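Have a look at the structure below before the remarks.
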Amino acid sequence: MKKQLAVLVSAALQNDLSVSEVTALLEKPKYEHLGDIAFPCFTLAKKYKKAPTIIAEELAQHIQADFIKEVKVEGAYINFYLQQLPIAQQIVTQILAEQNNYGTRNANNATIAIDFSSPNIAKPFSMGHLRSTVIGNALANIAEKMGYHAERINHLGDWGTQFGKLIVAYKLWGNKEAIEANPIAELLKIYVRFHDEAEHNEALNDEARQAFKSLEDGDEEALALWQWFREASLQEFQSIYKLLGVGFDSYNGEAFYNDKMERIVTELEEKQLLVESDGAMVVPLEDMPPCLIKKNDGATLYATRDLAAAVYRQETYKPAKVFYVVGNEQSLHFKQLFTVLKKMGYHWADNYQHIPFGLMLIGGKKMSTRKGKVVLLADVLKEAMDAALRNIEEKNPTLANKEQVAKEVGIGAVIFNDLKNDRMHDIDFDIEQMVTFEGETGPYVQYTYARIQTLLKKGAYIAEEAPITYLDETAWPLIKQLQDFSDYIAKAFNDADPSQIAKYSLQLARSFNKYYAQTKMLSGDDLQQARLAVVNCVAIVLQEGLRLLGIASPEEM
RNA sequence: GUCUCCAUAGCUCAGCUGGAUAGAGCACGGGCCUUCUAAGCUCGCGGUCGUAGGUUCGAAUCCUACUGGGGACGCCA
């Protein structure tokens with residue numbers, strides 16, 4: 001539609017502006033009453049040495065077409081009002097035919113690997129990990145919608161000095177039965193104690209470093225403990241992932257790369273990038289601190305494993321892109337990582353991208369596992385589900401399968417709350433805000449979807465793909481927004497910004513609720529089916545929007 | 001100290017490839033359920049777009065500096 005109009009405008013300008021130049025200038029008017037598409041004439045003022053308002057007046061007279069209902073000049077803007085019914089017919093027909101595939105791009109045979117969630121073994125799954133998990137999951141869904149194959153990778157934090165600490169702590173204070181009964185909580189307890197005691201006993205840290213070194217060297221006892229901690233932790237994480245509805249293609253964590261690092265170190269040596277510094281091996285970098293590859297005791301570091309992981313992923317998936325959905329505080333690390341890869345001659349590192357996000361703060365400060373200052377995600381999810389259940393008991397006590405719906409709504413609220421804002425913003429943890437179900441929330445969108453389902457049922461809607469024959473003037477904003485869906489998907493993908501989908505869904509839901517409030521849907525006359533067809537399209541798109549965010553849409557709530 | 005992210009209504013945020021009267025939600029005050037789910041709709045209240053310069057016909061949006069806050073900065077991840 002925009003393109004057709006651009007052709008007309010370009011012609012009316014006698015090609016002084018190309019069709020693509022005009023397309024770039026065409027914009028959505030700021031207010032509904034100003035029409036559907038606007039063409040601002042400011043830039044033409046210079047070219048024609050005339051006031052933009054006069055240009056607008058003159059130009060407007062030369063533009064007409066059967067799909068344009070009206071052309072109005074408002075200052076320097078030409079505002080176009082489109083014929084509503086034909087557009088509505090086209091869009092509704094398309095959505096009814098494509099259903100949840102509406103907005104889906106054709107498969108392009110390229111893979112995007114997404115490294116997300118990646119919790120640390122033996123540490124609680126905190127609110128901090130929620131962000132990476134839900135953002136990464138949404139990005140994977142969006143990438144698939146865009147035609148890519150998404151490879152979901154959970155790069156578990158299952159290796160590193162922290163395991164040395166845990167092993168030492170376990171040998172000192174560990175209780176096998178307690179850990180078996182409640183693995184993460186007990187492991188956290190001894191981990192926190194380790195840090196407390198290490199504050200006035202420096203020898204503990206040395207012991208921990210030694211313990212990790214022997215783990216890396218294949219010590220059997222250490223390995224057995226590591227294995228146990230890992231299995232037990234993973235089992236607990238699975239219950240969280242199940243609640244969130246998130247799954248992975250790979251759980252290859254840091255330990256997986258244990259036997260793949262030597263090759264990297266050798267390669268760095270061969271390429272003469274490795275330099276000794278204070279007993280450690282580093283890759284010096286321009287304009288930023290050096291990248292540490294080996295500690296002075298020979299043990300590897302985070303960066304070493306990430307280098308090995310990057311090479312492995314490139315060889316295994318041959319990805320078009322790789323996203324690392326990791327907190328903003330690790331920006332330097334990824335800058336270093338990508339720079340080292342490029343120094344090694346790996347140009348594919350240009351396709352590797354850190355997708356940072358703001359910190360989850362508590363009382364304005366960063367959470368700290370070591371000090372035991374964390375909010376457990378499991379507790380938050382439980383609270384959200386309980387709150388949702390209370391709401392159901394109050395508002396819809398006769399609802400079937402309340403528990404299931406409460407789960408979908410409660411979890412939906414938490415996920416949506418995280419995804420609706422720009423990912424770079426720091427979030428101060430606020431349980432009140434997370435379990436709010438009114439206003440700009442996930443449950444608001446879910447509620448809108450559920451309302452429509454009820455309408456379709458009560459209105460005995462018969463799905464047909466025949467064009468609609470009527471459109472309420474008040475339903476026109478819905479049609480326009482339905483048309484915009486794929487633009488928002490593309491923007492969400494290009495900016496790696498799921499909030500675009502959340503904002504779009506809110507907007508669409510709000511438009512429906514307005515329409516609903518002022519129009520009797522079940523009118524009983526022959527316009528009812530046309531109305532329900534439009535509204536059904538809204539439901540299809542809302543459900544798909546929620547799905548992309550990783551949120552369920554209950555039929556009733 | 002260096003680098004980096006953030007700064008818009010009382011609170012949480014949209015808007016940021018420069019353009020028409022800076023928009024939502026929450027909170028607060030009114031109105032709307034004998035009829036489609038009131039987890040809704042509607043009216044009102046509320047803004048020096050952190051500060052100061054600059055670029056421009058035009059700046060919340062671009063540039064510079066400053067202020068305030070978060071974070072990172074060699075043997076953690």
Side-chain angles (χ1 to χ4, degrees), chain A residues 24-25 27 29-31 34 38 40-43 45-46 51-52 74-77 79 118 120 123 157 159-162 165 208-209 212 254 277-282 287-297 299 301-303 305-306 326-333 335 356-359 361 364-366 370 388 391-392 394-396 399 409 413 417 420-422 424-428 430 432-433 436-448 450-459 499 503 506-507 509-510 512-523 528 556-557:
Chain A
L25 283 172
E27 56 184 71
K30 214 166 176 181
Y31 305 94
L34 293 174
C41 296
F42 300 101
T43 48
K46 247 182 219 163
E74 197 85 35
Y77 287 88
N79 293 325
S118 311
N120 293 321
K123 287 194 195 173
W159 207 243
T161 311
Q162 55 178 338
K165 293 177 182 174
R209 274 189 283 270
F212 174 56
E254 296 185 49
S277 167
D278 297 334
M281 300 306 284
V282 310
D287 304 321
M288 63 184 110
C291 184
L292 279 264
I293 302 296
K294 272 193 165 184
K295 303 202 264 194
N296 56 19
D297 64 1
L301 286 146
Y302 184 41
R305 293 187 281 278
D306 257 1
V326 181
N328 191 25
E329 71 272 20
Q330 290 192 38
S331 287
L332 178 60
H333 164 73
K335 236 170 104 182
F357 53 83
L359 233 38
L361 305 170
K365 273 170 277 166
K366 194 181 175 180
R370 287 191 308 255
N391 260 275
I392 291 169
E394 185 194 329
K395 295 169 203 262
N396 196 357
L399 179 68
V409 171
N417 182 255
K420 74 176 171 184
N421 293 137
D422 188 299
M424 287 307 287
H425 280 120
D426 289 345
I427 298 180
D428 208 341
D430 179 359
E432 293 294 320
Q433 203 193 323
T436 298
F437 302 144
E438 286 165 26
E440 296 174 321
T441 64
Y444 173 79
V445 180
Q446 291 173 316
Y447 176 69
T448 308
R451 266 184 147 177
I452 296 175
Q453 294 314 309
T454 305
L455 275 181
L456 297 178
K457 247 170 265 159
K458 291 199 175 163
S499 81
K503 284 164 195 154
L506 280 174
Q507 228 178 69
R510 197 177 310 137
F512 166 78
N513 281 316
K514 260 180 204 177
Y515 176 46
Y516 177 87
Q518 57 192 181
T519 311
K520 173 98 181 145
M521 301 282 164
L522 306 182
S523 48
Q528 179 170 314
E556 218 181 316
M557 65 187 264

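The structure displayed is predicted, hence computed values, not measured ones. Chain letters run A, B, ... following the sequence lines, proteins first and then strands; every chain starts at 1.
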Gap between atoms [atom1] and [atom2], on [X] and [N] respectively (whole Å):
X        : N     : atom1 : atom2 : answer
A:Leu506 : B:C26 : CG    : P     : 11 Å
A:Gln433 : B:A24 : CD    : P     : 19 Å
A:Arg209 : B:A77 : CZ    : P     : 11 Å
A:Arg510 : B:G23 : CZ    : P     : 14 Å
A:Lys123 : B:A77 : NZ    : C1'   : 7 Å

Nucleotide paired to B:C45 in any strand shown, Watson-Crick or G-U, under 3.5 Å: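 With both distances under 3.5 Å required, B:C45 matches none.
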Identity of whatever pairs with B:A65 - Watson-Crick or G-U, under 3.5 angstrom: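 Its partner is B:U51.
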Can B:C33 be described as syn, meaning its chi torsion is within 90° of 0, or is it anti?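 The base of B:C33 is oriented syn (glycosidic angle within 90° of 0).
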Determine: side-chain N/O of [X] to OP1/OP2 of [N], distance under 4.0 Å, yes or no.
X        : N     : value
A:Lys395 : B:A39 : yes
A:Tyr444 : B:C41 : yes
A:Lys458 : B:U35 : no
A:Lys295 : B:C76 : yes
A:Thr161 : B:A77 : yes

By nearest atom, which of the nucleotides [options] is closest to the [X] side chain?
X        : options             : value
A:Leu301 : B:C76, B:G25, B:A39 : B:C76
A:Asn421 : B:C41, B:A14, B:A20 : B:A14
A:Arg305 : B:A77, B:G71, B:A39 : B:A77
A:Leu455 : B:G70, B:A39, B:C36 : B:C36
A:His425 : B:G71, B:A39, B:C6  : B:C6
A:Glu438 : B:G40, B:U42, B:C75 : B:G40
A:Arg451 : B:U37, B:G74, B:A14 : B:U37
A:Tyr31  : B:C5, B:A77, B:A22  : B:A22
A:Ala280 : B:G74, B:A39, B:A77 : B:G74
A:Tyr516 : B:C36, B:C75, B:C13 : B:C36

Would you state whether a donor and an acceptor, one from the side chain of A:Thr441 and one from the base of B:G25, lie under 3.5 Å apart?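 When only heavy-atom distances are counted, A:Thr441 does not reach the base of B:G25 through any donor-acceptor pair under 3.5 Å.
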Polar side-chain contact A:Asn79-B:A20 base: donor and acceptor under 3.5 Å: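 Looking at the base of B:A20, it does pair with a donor or acceptor on the side chain of A:Asn79 (distance under 3.5 Å).
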Could I get a table of every N or O pair under 3.5 Å where one atom is in the protein and the other is in nucleotides 56-62 of chain B?
none

Distance, nearest 0.5 Å, that separates CG of A:Leu34 from CG of A:Asn79: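 Result: 5.5 Å between the selected atoms.
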Point-to-point distance, once rounded to the nearest 0.5 Å, from CZ of A:Phe437 to CD1 of A:Ile392: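 So the gap between those two atoms works out to 8.5 Å.
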Okay, side chain of A:Thr519, backbone of A:Tyr516: is any donor-acceptor separation there less than 3.5 Å?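 The answer is no, because no donor-acceptor pair under 3.5 Å joins these two groups.
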Toward the 5' end of RNA chain B, which comes first, A:Ala450 or A:Glu254, by nearest nucleotide?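 Nearest nucleotide further toward 5': that of A:Ala450.
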Are there any protein N/O atoms within less than 3.5 Å of an N/O atom in nucleotides 28-30 of chain B, and if so, which ones and at what distance?
none

Looking at every strand, decide which applies to [X] at a 4.0 Å heavy-atom threshold: base, sugar-phosphate, or nothing.
X        : result
A:Gly157 : nothing
A:Pro289 : sugar-phosphate
A:Gln330 : base
A:Glu556 : base

Compare every heavy atom of A:Met557 with every heavy atom of A:Leu399, then report the nearest pair and how far apart it is.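 The answer is CD2-CA, 4.1 Å.
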Parallel, tilted or perpendicular: which describes the rings of A:His333 and A:Tyr302, with under 30° parallel and over 60° perpendicular?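 Plane angle under 30°, so parallel.
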Answer yes when A:Glu440 and A:Arg510 have at least one side-chain N-carboxylate O distance shorter than 4.0 Å, and no when they do not.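 Result for this pair is yes, salt bridge flagged.
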Aro-ring/base stack A:Tyr77-B:A20, d under 5.5 Å, angle under 30°: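 Yes, the aromatic ring of A:Tyr77 stacks with the base.
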